[in-house]
Amino acid sequence: MSDALPIDALPRYEDLGLPGAQTELEQFDHLAAYRKLGPIYQLTFRGERWVAMGGLEANDAAWRNPDQWDYHESQTPFRETMGPTHVTQLDGPQHRRKRVNLKPGFAMSAIFGLIPEIDQSVASDLRLAAERPLNLHDFFMTALTRANSRSVLKCDFDDVTAGAFIRFEEHFIRGTSMGDARAAYYAEPAFVRDRETVFAFLGDLVDRRLAGEAVEDNFQRMIDGRRERGEPVERSELIPEAYLLLMAGTGNTAKLLNSGLQYLTQAPEWLAKLQAELAAYAPQKLLEGMASFPLLKVTLLEIERLFPAAPVMARCVGEDLVFGGYRLPKGTKVLHLQTLPHFLEEIYEDPYRFAPERWIGREYSKKSQGTFGGSTHLCLGINLVRLQMPIVIGNLLRDYDLTLGDRPRISVNVNYGVPQLADLEATFRPKASCAAA
Ligand code: HEM
């Protein structure tokens with residue numbers, strides 16, 4: 001550690017003369033900076049000094065030792081809104097205990113058997129939405145949340161409540177990366193009202209469970225697991241956990257679906273082959289795994305690669321660490337560019353091209369796949385996403401012809417790969433041959 005250089009000696013992004021308005025993440029050209037400065041450099045972002053780390057070496061270093069990060073500090077916005085027991089802002093043993101508590105809700109073994117319920121819910125929402133123009137982002141968020149309310153956490157979830165949950169989640173997540181402007185953004189009256197609706201709904205739900213309401217679902221298994229281990233079952237801890245099961249992450253899943261569908265419709269040859277494969281889509285087949293759907297499998301991997309919905313993670317150094325020959329002291333703010341390898345041509349040839357076939361018969365290292373993060377804080381919802389995506393696309397492409405509105409266009413940001421827009425208009429029309437027609 002003593003040979004390492006201090007952070008003042010790090011190369012500076014500003015010295016490159018690259019664009020960088022220093023307010024929005026996507027205004028930086030981190031790919032060019034990585035090429036010119038290497039895997040670690042400093043930059044001014046929203047008036048503060050940050051260190052950026054990117055590339056395979058950075059992913060390896062960041063994920064090898066998760067305890068070097070201070071999540072309590074970097075994930076403050078989640079604690080402010082979801083409370084002091086919320087998973088992502090916990091560190092060390094407390095975080096590991098929480099992940100054990102959440103396992104009966106999110107492990108693949110806990111959700112795989114729910115494929116028929118999720119499928120039925122998605123199929124029914126698609127039928128109800130057919131033949132009229134839709135905002136696709138809202139539609140997917142609603143359909144996924146409703147599917148959650150019929151599978152992982154069973155509850156009555158009417159359209160008005162679903163609307164409040166979705167507005168809340170979108171506003172909440174947007175605010176988490178806002179810095180000083182966050183307090184005013186969260187004080188907006190419409191958000192305050194939605195937040196009250198969401199927490200009142202979750203509070204009632206938890207109260208009923210604690211009063212003995214018997215429902216067979218993953219939420220109940222999480223509660224029972226705690227009791228079996230002799231751990232306390234606290235209302236305040238269960239409320240944000242119920243939120244995770246019902247709503248969390250659906251905006252990101254919707255973004256992936258939107259981006260993917262837009263790129264699929266622009267790749268007619270691949271789409272035709274995929275549709276032919278999905279003519280045989282059925283939830284019972286999915287229960288046997290993805291082996292029956294090899295083209296769908298690689299399509300989803302390519303969508304994950306090209307449209308990482310959370311491409312950069314803000315971190316804070318929890319204990320002094322050395323990376324790339326520089327010493328980062330405790331408290332250093334770090335932008336971990338965990339999806340930068342997705343856009344390196346030495347790893348993914350022609351990286352900005354939507355090319356699902358690149359995954360056929362080929363494995364890429366885990367370090368080059370950052371869409372869901374890595375290590376102990378790996379996305380909790382990854383298994384759910386990887387079931388919901390094939391179910392939605394399977395139903396959609398088997399039963400419907402999809403027409404997308406002309407605008408807006410989702411573009412891959414040539415600087416970094418962040419989708420700039422993820423809202424689309426679309427109409428689903430039942431295929432003449434389909435059961436939904
Ligand atoms: C395509 C959709 C999604 C994407 C791209 C995504 C991405 C991510 C990323 C990058 C992280 C950070 C991991 C890290 O710190 O290294 C994360 C964490 C997390 N995600 Fe997701 N996510 C998605 C969907 C979901 C869903 C559906 C849920 C539902 C529960 C969810 C819940 C979480 C939670 C709770 C964490 C924090 C985990 C922890 O700190 O232990 N995500 N996600």
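Just so it is clear, the model here is predicted, and its values are computed rather than measured. Every number for a ligand or one of its atoms is a count from 1 in the order of the listing.
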If we set the cut-off at 4.0 Å for heavy atoms, which region of H95 has an atom near ligand 1: side chain, backbone, both, or neither?
side chain
Measure the acute angle between the ring planes of F428 and Y400, then classify it against the limits of 30° and 60° as parallel, tilted or perpendicular.
tilted
For atom 29 (C) of ligand 1, what is the nearest protein heavy atom, given as residue, atom name and distance?
A248 O, 3.2 Å
Side chain, backbone, both or neither: which applies to Q338 and ligand 1 if a contact is any heavy-atom pair less than 4.0 Å apart?
side chain
Residue, atom and distance of the protein heavy atom nearest atom 40 (O) of ligand 1 read H377 ND1, 2.6 Å
Relative to the ring of H86, is the ring of F78 parallel (under 30°), tilted (30 to 60°) or perpendicular (over 60°)?
parallel
Counting only heavy atoms closer than 4.0 Å, does ligand 1 sit against the backbone of L256, its side chain, both, or neither?
side chain
Per-atom contacts, ligand 1 versus V87 - under 4.0 Å to a heavy atom:
35 (C), 41 (O)
Can D158 and T161 be counted as having a side-chain donor-acceptor contact under 3.5 angstrom?
yes
Please indicate whether E216 has more than 12 foreign heavy atoms, meaning atoms of other residues, nucleotides or ligands, lying under 6.0 Å from its CD.
no
Nearest heavy atom to atom 16 (O) of ligand 1: which of H336, R315, R386, M313 does it belong to?
R315
Hey, is K154 close enough to D217 for a salt bridge, meaning N to O under 4.0 Å?
no
Parallel, tilted or perpendicular for Y186 and H171, by the 30°/60° rule?
tilted
Protein contact to atom 2 (C) of ligand 1 [nearest heavy atom, distance to 0.1 Å]
N252 CB, 3.4 Å
Electrostatic pair E302:R305 at N-O distance under 4.0 angstrom:
yes
Tell me whether V385 reaches ligand 1 (any heavy atom closer than 4.0 angstrom to a ligand atom).
yes
Nearest neighbour in protein (non-hydrogen) for atom 32 (C) of ligand 1
G381 N, 3.8 Å
So, is T88 polar-close to ligand 1, with some N/O to N/O distance under 3.5 Å?
yes
Looking at F323 and A61, what are the two nearest heavy atoms and their distance?
CD1-CB, 3.7 Å
Any idea how Y263 and F354 line up, ring-wise: parallel (<30°), tilted (30 to 60°), or perpendicular (>60°)?
perpendicular
How close does the nearest protein non-hydrogen atom get to atom 23 (C) of ligand 1, and which residue and atom is it?
C379 SG, 3.6 Å
Atom 7 (C) of ligand 1 - nearest protein heavy atom and its distance:
T371 O, 3.5 Å
Please list, in number order, the atoms of ligand 1 under 4.0 Å from a heavy atom of G374.
16 (O)
Which is closest to atom 30 (C) of ligand 1 by heavy-atom distance: L244, I303, L245?
L244
Over all heavy atoms of both residues, which pair between L296 and E277 is shortest? Give the atoms and the distance, please.
N-OE2, 3.0 Å
Would a distance-only check, ignoring hydrogens and angles, find a side-chain to backbone donor-acceptor pair under 3.5 Å from E117 to A147?
no
Ranked by distance from atom 34 (C) of ligand 1, the top protein heavy atom is L380 CB, 3.7 Å
Atom indices of ligand 1, in the order listed, that fall short of 4.0 Å to a heavy atom of F106:
30 (C)
Looking at atom 38 (C) of ligand 1, what's its closest protein heavy atom, distance included?
R99 NH1, 3.3 Å
Which atoms from ligand 1 have a heavy atom of T253 less than 4.0 Å away?
1 (C), 2 (C)
Y281 side chain to F293 main-chain N or O, any donor-acceptor pair under 3.5 Å?
no
